[in-house]
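Shown next, in structure tokens, is the structure this report addresses.
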Amino acid sequence: MTRQMTGAKMVVQALKDQGVDVVFGYPGGAVLPIYDEIFLQNDIRHVLVRHEQGAVHAAEGYARSTGKPGVVLVTSGPGATNAVTGLTDALLDSIPIVVLTGQVPTFMIGSDAFQEADTVGITRSCTKHNWLVKDTDKLAGTIHEGFHVAKSGRPGPVLIDIPKDVQFASGKYVEPQKIEISHYQPQIKGDMAEIEELVEAIENAKKPIFYTGGGVINSGPAASQLLRELADATGFPVTSTLMGLGAYPASGKGWLGMLGMHGLYEANMAMHDCDLMINVGARFDDRITGRIDAFSPKSKKAHIDIDPSSINKVIRVDIPIVGDVGHVLEDVLKVWKSRGRKTNREALQAWWKQIDGWKAIDCLKFKQEGQTIKPQYALQRLEELTKGMDRYVCTEVGQHQMWAAQYLGFEDPNRWMTSGGLGTMGYGLPASVGIQMAHPDALVINVAGEASWLMNMQEMGTAVQFRLPVKQFILNNERLGMVRQWQELLHGERYSQSWSEALPDFVKLAEAFGCKGICVSDPADLDDAIMEMLEYDGPVIFDCLVEKHENCFPMIPSGEPHNKMLLGEASTKDAIGSSGAVLV
């Protein structure tokens with residue numbers, strides 16, 4: 001039997017039918033009917049953020065840590081436009097979120113009414129798909145379709161713009177199982193001929209490598225498990241993009257660490273010298289490839305991706321396989337096992353011997369000396385004191401982000417959340433709020449830089465209001481660290497606007513928000529301060545004063561191929577007897 005209800009009630013019912021348990025949002029005139037319906041129910045919890053950008057990043061953190069779509073509800077005009085950065089962030093990192101925006105009544109659209117904006121037009125380029133719903137009868141079906149599109153294929157953000165009169169009007173509610181979604185059915189299974197070609201390449205490869213990305217994690221836990229089984233059974237080395245950390249365990253025997261601009265020396269060198277590169281759910285981002293014409297020039301390249309537009313977009317590949325990572329890896333394993341589990345073992349031993357030589361350079365080596373905390377040391381101690389805990393880590397964007405990726409180890413998928421494609425400063429604090437909402441009993445740490453953290457510092461109020469014990473681990477160098485590093489290395493040490501002036505006292509700021517503040521500057525006090533942060537049952541702002549001019553190495557300089565890296569002083573001294581950052 002068809003149910004009649006108002007559009008506002010439809011929205012809430014549709015969210016319930018989609019299994020939504022939390023919504024991140026900020027009310028305004030154009031969504032008050034929906035907020036009224038939220039008030040009248042208890043199944044969905046609403047988290048009042050302090051800024052709409054924060055709402056979207058919180059939804060991203062929720063989505064990444066659970067695998068379920070994050071949901072956002074904001075008003076028209078500035079509410080919708082404030083969400084644009086988060087939408088773009090989610091699009092580039094393939095994060096499933098559903099953003100519901102209010103709109104002026106249908107009869108006022110185009111009249112420059114109060115808080116009117118062309119939301120669909122503005123967000124067309126930063127969503128996977130968007131809708132303006134002018135008919136209440138179509139509202140429920142559109143919401144259900146929005147969830148399907150956000151989750152299916154390569155995940156991403158969708159937006160549904162709902163005029164206020166549509167929320168007040170009555171219409172027919174349609175349940176999820178009754179809507180037609182046949183027009184969007186991404187290819188799941190890979191072509192078997194291409195899979196057999198890949199298996200044959202696996203059997204014959206002398207210098208293979210698995211190059212893994214966020215697509216492995218987006219495919220679900222089974223895909224990560226299949227990757228581990230295939231990598232360990234073949235004995236092939238594994239590297240990962242920033243977005244793919246945790247798909248293969250950091251303690252795994254095949255793990256080479258992260259690759260790319262600030263990736264490990266051994267990972268980048270193995271990628272350059274390999275003869276078979278198996279790209280699993282990555283997109284040949286420019287931060288990985290370096291100079292394209294010099295990228296792994298002698299390798300046969302296979303690319304597994306559910307998004308056909310990603311294949312041959314940047315790098316031409318020899319074996320293109322369109323399909324869901326989990327399904328394709330399952331078929332690759334089956335075919336490889338059925339053909340006798342063959343690899344070129346003698347060549348693999350020689351390959352690993354070469355890789356071990358690159359590892360011996362110890363590209364992450366640093367020296368903790370004197371009375372100033374090195375940022376690498378701070379993260380090394382954080383890793384040691386939290387390893388094995390039920391831990392989720394997110395970051396802001398900058399040097400601290402790269403150090404976190406280098407020095408923190410992840411054994412499981414969905415435990416590492418960061419802004420990769422867009423590089424959004426201000427992502428981490430609201431993301432930690434979303435993660436903690438999804439995992440109330442877990443340890444959630446946001447590794448931050450002081451400049452990036454200030455971008456969305458207002459969300460500390462959200463953490464305090466909802467009693468979310470998020471730990472804000474700020475590496476405070478009083479600089480825009482990555483900008484300063486580039487200016488030192490590439491712009492003749494002309495430090496244009498990369499000093500942070502007039503920073504707040506973070507301990508007093510924490511007290512003003514009603515949470516705990518801790519400040520540490522002496523390496524001897526670091527462990528005790530970290531333990532104090534971990535043991536405190538509530539949100540903490542941890543101000544770790546670190547070396548101001550420390551650089552993040554390894555680093556592929558702009559315009560160089562990915563096998564030409566700057567290494568830090570500690571590594572280069574031991575490796576080649578020189579001092580200072582050296583291009584190797």
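Throughout, numbering of the chain's residues begins at 1 and tracks the sequence.
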Might you work through the side-chain hydrogen bond (donor to acceptor under 3.5 Å, both in side chains) test for Tyr173 and Asp17, ending with a clear yes or no?
CA-CA 11 Å; Tyr173 181 77; Asp17 287 348; 2.5 Å; yes

Between Gln458 and Asn456, is the side-chain hydrogen bond (donor to acceptor under 3.5 Å, both in side chains) condition met? List the steps.
CA-CA 5 Å; Gln458 75 282 344; Asn456 273 318; 2.9 Å; yes

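At a cut-off of 3.5 Å, with distance as the only test, a side-chain donor of Ser65 or His439 sits close to an acceptor on the other residue. Counting only N and O atoms by type, the side chains of Gln53 and Asn82 include no donor and acceptor under 3.5 Å apart. If you check the side chains of Tyr248 and Asp232, you find a donor sitting under 3.5 Å from an acceptor. Side chains of Thr343 and Thr234: a donor-acceptor N/O pair is absent below 3.5 angstrom, by distance only. Side-chain polar atoms of Glu60 and His57 form a donor-acceptor pair below 3.5 angstrom.
Distance check: Met5 CE to Leu139 CG gives 10.5 Å after rounding to the nearest 0.5 Å. Rounding to the nearest 0.5 Å places CD1 of Ile311 at 11.0 Å from CZ of Arg316. To the nearest 0.5 Å, atoms CE (Met425) and OG1 (Thr395) are separated by 11.0 Å. Interatomic distance, CZ of Arg64 versus CG of Asn414, reported as 10.5 Å (0.5 Å rounding). Rounded to the nearest 0.5 Å, atoms CG (Asp305) and CZ (Arg154) are 7.0 Å apart.
Without hydrogens or angle criteria, Trp416 side chain to Leu242 main chain gives a donor-acceptor distance under 3.5 Å. The backbone N or O of Ala30 lies less than 3.5 Å from a partner atom in the side chain of Gln167, making a donor-acceptor pair. At distances below 3.5 Å, not a single donor-acceptor pair connects side-chain atoms of Ser219 with backbone N or O atoms of Val216. At least one donor-acceptor pair closer than 3.5 Å links the side chain of His144 to the backbone N or O of Val174. Between the side chain of Glu175 and the backbone N or O of Ala140, no donor-acceptor pair lies under 3.5 Å. In this structure a side-chain-to-backbone donor-acceptor pair under 3.5 Å is present from Thr142 to Lys138. A donor-acceptor pair is defined here as one N or O able to donate and one able to accept, closer than 3.5 Å; such a pair exists between the side chain of Asn130 and the backbone of Val120. Looking only at distances, a side-chain donor or acceptor of Thr6 sits under 3.5 Å from a matching main-chain atom of Lys9.
Under 4.0 Å is where a charged nitrogen must lie from a carboxylate oxygen, and between Asp307 and Arg283 no such pair does. Note on Asp390 versus Arg415: salt bridge recorded, some NZ/NE/NH1/NH2 to OD/OE distance being below 4.0 Å.
Other residues, nucleotides and ligands place more than 12 heavy atoms under 6.0 Å from the NZ atom of Lys128. For CZ of Arg467, the number of neighbouring non-hydrogen atoms (other residues, nucleotides, ligands) closer than 6.0 Å is 12 at most. Other residues, nucleotides and ligands contribute at most 12 non-hydrogen atoms within 6.0 Å of the CZ atom of Phe39.
In this structure, the ring of His51 has its center no less than 6.0 angstrom from the ring center of Tyr26.
Under the salt bridge (charged side-chain N to carboxylate O under 4.0 Å, His left out) criterion, Lys16 pairs with Asp43, not counting sequence neighbours. Partners of Lys253 under the salt bridge (charged side-chain N to carboxylate O under 4.0 Å, His left out) rule, at least two apart in sequence or in another chain, do not exist in this structure.
Within the cation-pi definition used here (under 6.0 Å to the ring centroid, within 45° of the axis), Arg391 qualifies as a partner of Phe410.
Ring orientation note: the planes of Phe284 and Phe295 are nearly perpendicular, at an angle over 60° on the 30°/60° scale.
Residues Glu411 and Pro249 share a closest heavy-atom pair of OE1-CB, 3.3 Å.
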